[in-house]
Amino acid sequence: MTESFVDTLGVHSRTADDGTAHLELDATESHLNEAGTVHGGVLATLVDTAMGQAVRSLTGEDDVPATSQLTVTYLRAGKPGHLAVVGRVSKQGEHLTVCEADVEQEGRTLVHAVATFAVLHT
């Protein structure tokens with residue numbers, strides 16, 4: 001089996017149930033930008049992944065959640081160390097689902113995100 005993108009990043013402890021997903025990343029030097037803080041693309045990937053898993057926990061096995069809109073608000077810089085991410089479904093329609101997610105480090109919120117997912121019924 002091929003390693004997925006989030007596995008390559010080092011994401012672990014992925015769980016999702018009843019519209020809420022949790023995941024973790026231990027940020028290392030390889031996750032930092034030139035300023036020495038956690039790269040914004042890493043943080044955006046974390047919230048997008050958590051929200052997608054939250055949606056998937058409420059859909060059928062053959063349904064595919066696809067991000068159609070993602071807004072990421074960076075509240076403070078992250079540093080090497082443990083990151084905890086929670087994604088949750090806020091509103092669910094037949095074809096569109098709205099979610100929110102947060103990334104926390106040492107009890108402080110680094111990122112808050114809102115996204116809309118199109119649920120593709122295959």
Side-chain angles (χ1 to χ4, degrees):
M1 187 166 134
T2 313
E3 189 173 49
S4 72
F5 177 62
V6 293
D7 291 332
T8 302
L9 277 179
V11 173
H12 60 89
S13 302
R14 288 186 278 173
T15 62
D17 186 45
D18 199 28
T20 300
H22 299 266
L23 55 89
E24 299 176 16
L25 173 73
D26 295 315
T28 65
E29 298 295 320
S30 66
H31 297 106
L32 305 183
N33 58 28
E34 291 181 5
T37 61
V38 178
H39 192 285
V42 171
L43 296 168
T45 296
L46 293 174
V47 293
D48 185 49
T49 300
M51 291 185 285
Q53 290 180 350
V55 173
R56 190 159 202 119
S57 75
L58 295 175
T59 61
E61 200 170 293
D62 292 332
D63 294 336
V64 178
T67 310
S68 62
Q69 177 271 328
L70 174 64
T71 301
V72 181
T73 303
Y74 299 95
L75 301 169
R76 58 182 46 90
K79 57 187 178 183
H82 184 75
L83 302 174
V85 187
V86 177
R88 60 208 156 272
V89 170
S90 299
K91 303 287 180 194
Q92 186 176 23
E94 184 176 346
H95 298 287
L96 296 175
T97 301
V98 178
C99 299
E100 293 186 53
D102 296 289
V103 178
E104 292 193 356
Q105 186 175 52
E106 297 176 355
R108 299 179 65 178
T109 304
L110 304 181
V111 169
H112 179 74
V114 179
T116 302
F117 286 80
V119 179
L120 310 174
H121 304 287
T122 58

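Hydrogens, waters and symmetry mates are skipped; everything else that's a heavy atom, side chains included, is used.
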Notebook entry, point to check: Run the side chain to side chain contact (heavy atoms under 4.5 Å, CB included) check on Val103 and Leu25 step by step: do they pass?
Noted result: CA-CA 10 Å; Val103 178; Leu25 173 73; over 6 Å; no
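- Between Asp18 and Leu58 there is a side-chain heavy-atom pair separated by less than 4.5 Å.
- For Asn33, the CG atom counts as densely surrounded, since its 6.0 Å shell holds more than 12 non-hydrogen atoms of other residues, nucleotides or ligands.
- Aromatic ring orientation, His82 versus His12: tilted (interplanar angle from 30° to 60°).
- The heavy-atom pair separating Val85 from Ala50 by the smallest distance is CG1-CB, 3.7 Å.
- Note that CD of Gln53 is 10.0 Å distant from CG of Asp48, once rounded to the nearest 0.5 Å.
- Connection of Val72 to Val38 is established within a shared hydrophobic cluster, with ILVMFWY side chains joined at heavy-atom distances below 4.5 Å, either directly or through further cluster members.
- Val64 and Met51 fall into different hydrophobic clusters, where Ile, Leu, Val, Met, Phe, Trp and Tyr are joined by side-chain heavy atoms under 4.5 Å apart, directly or via other members.
- Taking each heavy atom of Leu70 and Ala115 in turn, the nearest pair found is CD1-CB, 3.9 Å.
- Atom CZ of residue Arg108 and atom CG of residue Leu75 lie 10.0 Å apart, to the nearest 0.5 angstrom.
- For the atom pair NE2 of His112 and CG of Leu110, the computed distance is 13.5 Å after rounding to the nearest 0.5 Å.
- Pairing each heavy atom of Asp63 with each of Arg56, the nearest pair is O-NH2, 3.4 Å.
- Checking side-chain atoms of Thr116 against main-chain N and O of Ser68 turns up no donor-acceptor pair under 3.5 Å.
- With rounding to the nearest 0.5 angstrom, the CG atom of Leu46 is 12.0 Å from the CG atom of Asp102.
- A heavy-atom distance below 4.5 Å is found between the side chains of Arg14 and Val6.
- The minimum heavy-atom distance linking Phe117 with Pro65 is given by the pair CD2-CB, 4.0 Å.
- Contact annotation: the side chain of Cys99 approaches that of Val89 to within less than 4.5 Å [non-hydrogen atoms, C-beta and beyond].
- Heavy atoms of other residues, nucleotides or ligands lying less than 6.0 angstrom from NE2 of His39 number 12 at most.
- Shown here for Glu94 and His121, the closest heavy-atom pair between the two residues is O-NE2, 3.1 Å.
- Expressed to the nearest 0.5 Å, how far CZ of Arg76 lies from OG1 of Thr37 amounts to 13.5 Å.
- With rounding to the nearest 0.5 angstrom, the OG1 atom of Thr20 is 11.5 Å from the CD atom of Glu100.
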Next item on the list: For the pair Leu23 and Thr49, evaluate side chain to side chain contact (heavy atoms under 4.5 Å, CB included) and give the outcome as yes or no after the intermediate values.
Entry: CA-CA 9 Å; Leu23 55 89; Thr49 300; 3.8 Å; yes
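- Note on Val42 and Val86: separate hydrophobic clusters, where clusters join Ile, Leu, Val, Met, Phe, Trp and Tyr whose side-chain heavy atoms are under 4.5 Å apart, directly or indirectly.
- Residues His31 and Pro80 are not in side-chain contact: their nearest non-hydrogen atoms beyond the backbone lie 4.5 Å or more apart.
- Between Gln105 and Lys79, the shortest heavy-atom distance links the atoms NE2-O, 2.7 Å.
- Hydrophobic clustering keeps Val114 apart from Tyr74 (ILVMFWY residues linked when any side-chain heavy atoms are closer than 4.5 Å, directly or through intermediates).
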